[in-house]
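Note sheet for the following structure.
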Amino acid sequence: MRLIVFTDLDGSLLDHNSYSYDAAKPALDLLRNRDVPLILASSKTAAEIAPLRAELGFVHCPAIVENGAGLLPAHMSLNASSGEVSEYQRIRAALKQLPSGLQGLFVGFGDWSDREIATQTGLDLKKVILASKRFYSEPGLWRGDDGQRQEFETWLEKKGIKARQGGRYYTLSFGATKADQMRNIIDDLGWRDRPVLTIALGDAPNDIEMLEAADRAVIIKNPHGPTLPALSGEEAYPDHIIRTQKSGPQGWNEAIQKLFGQIYSNDAHRQTQNPKSQGD
Ligand SMILES: [Mg+2]
């Protein structure tokens, strides 16, 4: 049985405030030692994720960027920009065409100066430049009320654009999700025909599809946002879904250690009981 781990970054592997993953280091070591691919899946850009992926030691794994709107292949540092009009540019152009009643209610990275993005995100200016290299999606904040938000989403939908609330941002894209990319990645690794156990970790509504698509889901406690509603299958298969008591990398670390403990002890147990089924 091959394992593969998909993880959200902000609020999950990375601390919501400090962006540190220090508390998850023991679990990260476990993944590296077991040669389990770690797929970073975030609203971050390829330019932001590539250095983090290298630092974590998972350059050999593809990553899901801009909330599932794009993929960063293994060993590459940045998605090639073809010189064509990007999905990002199409989203920004659509925002300019909003009916006047909806203008200005969504404020995104494209509306902010580098300094304003730095204030919003808590990133330093060097990192802001990487966060702004967007090809697929526009993160921002909603300034209107819920009724206006509904109108905004209906209007965007006619242009093929979907709006999704993440742990921190309200993000616009042409709709591919982190879950859509999971199957692509398993195919990419050449694992399509092998037994694969997928684990996903996330903390926000934009992680729900990824969590529901995985064989084991870890909902990281998010003290900065709403508690996620019960996932499909959560009542029927409570063992397949873990809700952590701790937030961010602390919760991440505990959940991975717990899951790996269960999975590998079951594996060892099966093999001692039925040695012929090795490698099933
Ligand atoms: Mg998150």
Side-chain angles (χ1 to χ4, degrees), residues 5-24 27-28 38-53 55-56 58 61 63-72 108-109 117 120-123 127 130-131 134 136-142 162-173 175-182 185 198-214 216-231 241-256:
V5 176
F6 296 85
T7 186
D8 170 56
L9 294 177
D10 288 355
S12 298
L13 178 57
L14 305 183
D15 182 86
H16 181 89
N17 297 313
S18 69
Y19 293 103
S20 164
Y21 56 83
D22 281 355
L28 288 164
L38 176 65
I39 310 301
L40 307 181
S42 166
S43 58
K44 291 181 186 295
T45 63
E48 288 176 287
I49 290 185
L52 176 67
R53 184 178 65 174
E55 196 181 307
L56 291 168
F58 291 91
C61 302
I64 298 170
V65 305
E66 298 193 36
N67 259 324
L71 267 188
L72 171 66
F109 276 34
I117 296 175
Q120 284 294 339
T121 56
L123 298 172
K127 289 190 169 160
L130 301 180
R134 313 201 67 85
Y136 307 102
S137 66
E138 174 68 333
L141 300 171
W142 184 250
K162 292 211 166 65
R164 307 173 61 77
Q165 183 62 55
R168 191 182 294 256
Y169 295 112
Y170 183 51
T171 298
L172 314 181
S173 77
T177 68
K178 293 176 179 178
D180 294 327
Q181 303 290 2
M182 291 170 76
I185 284 176
T198 54
I199 298 172
L201 305 96
D203 72 321
N206 64 340
D207 298 315
I208 288 176
E209 287 107 334
M210 177 173 80
L211 293 167
E212 289 186 337
R216 297 284 185 282
V218 177
I219 300 169
I220 305 281
K221 183 178 177 176
N222 176 1
H224 304 275
T227 303
L228 290 193
L231 300 186
I241 293 153
I242 294 177
R243 286 181 184 260
T244 65
Q245 298 299 313
K246 294 181 182 166
S247 63
Q250 284 87 4
W252 202 97
N253 188 54
E254 274 189 10
I256 287 287

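Remember, predicted model here, so these are calculated numbers, not experimental data. We count residues from 1, following the sequence as given. Values below: all heavy atoms of this structure, side chains included; hydrogens, waters and symmetry mates excluded. Just so you know, ligand 1 is whichever comes first in the structure, and atom 1 is the first atom listed for that ligand.
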### Query
Looking at side-chain heavy atoms only, is the closest gap between Leu28 and Leu38 below 4.5 Å?
yes

## Note on the structure
Protein-side N, O or S atoms sitting under 2.8 Å from the Mg ion (ligand 1) are Asp8 OD2, Asp10 O, Asp203 OD1

### Main-chain N/O of Leu130 paired to Thr45 side chain as donor or acceptor, under 3.5 Å
yes

### Query
Taking only residues two or more places apart in sequence or in another chain, which ones pass side-chain hydrogen bond (donor to acceptor under 3.5 Å, both in side chains) with Glu55?
Tyr21

### Message
Please report the interatomic distance CG(Leu56) to CD1(Ile49), rounded to the nearest 0.5 Å.
### Response
10.5 Å

### Message
If we ignore hydrogens and angles and just use 3.5 Å, is the side chain of Asp15 paired with the main-chain N or O of Asn17 as donor and acceptor?
### Response
yes

### Query
Quick one: does Gln181's side chain have a donor or acceptor within less than 3.5 Å of a partner on Ile64's backbone?
no

